[in-house]
S.K.: 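The structure is given below, and queries will be raised subsequently.
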Amino acid sequence: MSGADDANGLDGELAAVDEDELAAVVDGARRRAVRDGDRQIDTAHLLHSLLERDAEVRAAFGDGARIARLLGYLVQRSIGYGLRWQGAVEGSAPGSPTVTRAADGTSGQPGECFSPLAAVAMARTRARATPRGAAGTHGLDLLAALVADPRARAVEVLGRAGVDARELLERVGERVRDAARASAAFECAPGGDHGR
């Protein structure tokens, strides 16, 4: 497998999140891709799985009606707007070549690799968490990474559901900063973790 192909493969990405809470999100996204017959796990698959599994992420969206509307759009993928995505590489220009082979050069099975944008989002997730250490990766890190690129299918779905990706990114940043401040205050408080 070439280095470029390996960057999109699941094995390397799963090894990076295997011990992490995100492993369940990736597994759920893979199941969605397989169910939809998509060869690549894209950012919308990851967003759908993340919303289903992470209460902190759902809280970043605010009211329950917004979340219900967003989940409704995500569920419609296989019967509606998502049909035009089948066979196309996420982030490619209209009319670009379709997905014709898997990351390892075989004929491919559904859900066996990340789209290029999803692979970048996974790398950004780890990069956001690095300052907190390996155990610090959270669903909010993945959410921020998924909405950072306006070409991402996750951003398109958010727009269809009436969620502004830039505003969401700002809210996620605020929540992460608030959590970091609370954690730092706890560690510095008497009886906190600072003495270990």
Side-chain angles (χ1 to χ4, degrees), residues 13 16-17 19-33 40-77 80-82 85 90-91 114-189 192-193:
E13 297 299 330
V17 296
E19 305 266 323
D20 208 69
E21 64 188 56
L22 298 182
V25 171
V26 172
D27 192 47
R30 178 191 300 156
R31 282 194 302 276
R32 290 205 164 280
Q40 295 182 331
I41 297 169
D42 65 25
T43 58
H45 291 124
L46 288 166
L47 177 63
H48 197 162
S49 183
L50 186 60
L51 279 167
E52 289 179 334
R53 286 173 172 70
D54 195 314
E56 190 176 30
V57 166
R58 287 190 301 275
F61 283 90
D63 67 30
R66 181 179 295 160
I67 295 164
R69 189 170 51 248
L70 179 54
L71 285 169
Y73 276 106
L74 287 162
V75 167
Q76 292 176 27
R77 173 190 182 128
Y81 65 89
W85 292 341
E90 180 180 25
F114 286 108
S115 72
L117 291 183
V120 168
M122 294 301 292
R124 285 180 177 161
T125 299
R126 287 191 304 278
R128 287 178 57 88
T130 298
R132 295 189 306 267
T137 305
H138 300 290
L140 289 174
D141 294 318
L142 178 56
L143 179 60
L146 291 174
V147 302
D149 191 326
R151 300 172 302 154
R153 290 176 179 170
V155 172
E156 182 178 337
V157 172
L158 289 171
R160 287 176 175 274
V163 177
D164 184 290
R166 287 182 303 243
E167 289 176 12
L168 178 62
L169 195 54
E170 289 173 16
R171 280 196 307 272
V172 168
E174 289 170 13
R175 293 180 78 83
V176 169
R177 284 188 295 276
D178 290 347
R181 281 193 292 270
S183 177
F186 173 76
E187 289 179 6
C188 294
D193 233 4

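Note: hydrogens, waters and symmetry copies are ignored here, and every other heavy atom, side chains too, is used.
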S.K.: Can you sort out the partners of V57 under side-chain contact (heavy atoms from CB on, under 4.5 Å), two or more places apart, ordered by chain and number?
M.R.: L50, L51, D54, F61, L140, L143
S.K.: Go through the steps to decide whether M122 and V26 satisfy the test side chain to side chain contact (heavy atoms under 4.5 Å, CB included), and finish with yes or no.
M.R.: CA-CA 10 Å; M122 294 301 292; V26 172; 3.6 Å; yes
S.K.: Report the C-alpha distance between D141 and H138 in whole Å, list the side-chain angles of each, state the deciding distance to 0.1 Å, and finish with yes or no for side chain to side chain contact (heavy atoms under 4.5 Å, CB included).
M.R.: CA-CA 5 Å; D141 294 318; H138 300 290; 3.9 Å; yes
S.K.: Of all residues at least two apart in sequence or in a different chain, which pass the side-chain contact (heavy atoms from CB on, under 4.5 Å) check with R69?
M.R.: R66, Y73, A161
S.K.: Are any side-chain N or O atoms of H45 and backbone N or O atoms of D42, one a donor and one an acceptor, separated by less than 3.5 Å?
M.R.: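 Between the backbone of D42 and the side chain of H45 there is a qualifying donor-acceptor contact (under 3.5 Å).
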S.K.: For V155, check side-chain contact (heavy atoms from CB on, under 4.5 Å) against everything at least two apart and list the hits.
M.R.: V147, A152, A165
S.K.: Distance from R160 atom CZ to L74 atom CG, nearest 0.5 Å?
M.R.: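 The distance works out to 11.0 Å.
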S.K.: With rounding to the nearest 0.5 Å, note down the distance linking CD in E90 to CD in E156.
M.R.: 9.5 Å
S.K.: To the nearest 0.5 angstrom, please state how far the CG atom of L158 sits from the CD atom of E167.
M.R.: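 Reported to 0.5 Å precision, the distance equals 11.5 Å.
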S.K.: Suppose we screen for side-chain contact (heavy atoms from CB on, under 4.5 Å). Which residues come up paired with E170, at least two apart in sequence or across chains?
M.R.: none
S.K.: Kindly compute the distance separating CZ (R153) from CG (L46), expressed to the nearest 0.5 Å.
M.R.: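 The CG atom of L46 is 12.0 Å from CZ of R153, to the nearest 0.5 Å.
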S.K.: Return the CG to CD distance between L169 and E174, rounded to the nearest 0.5 Å.
M.R.: 10.5 Å
S.K.: Backbone N or O of A154 within a donor-acceptor pair of the T43 side chain at under 3.5 Å?
M.R.: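 At least one qualifying donor-acceptor pair exists.
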S.K.: Kindly determine whether H48 and V157 satisfy side chain to side chain contact (heavy atoms under 4.5 Å, CB included), including the steps that lead there.
M.R.: CA-CA 10 Å; H48 197 162; V157 172; over 6 Å; no
S.K.: Taking side chain to side chain donor-acceptor pair (under 3.5 Å) as the test, write out the residues that go with R53, two or more places apart.
M.R.: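 For R53 the side chain to side chain donor-acceptor pair (under 3.5 Å) partners, ignoring immediate neighbours, are S49.
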S.K.: Quick one: pull up CD in E52 and CD1 in I67 and give me the separation to the nearest 0.5 Å.
M.R.: 12.5 Å
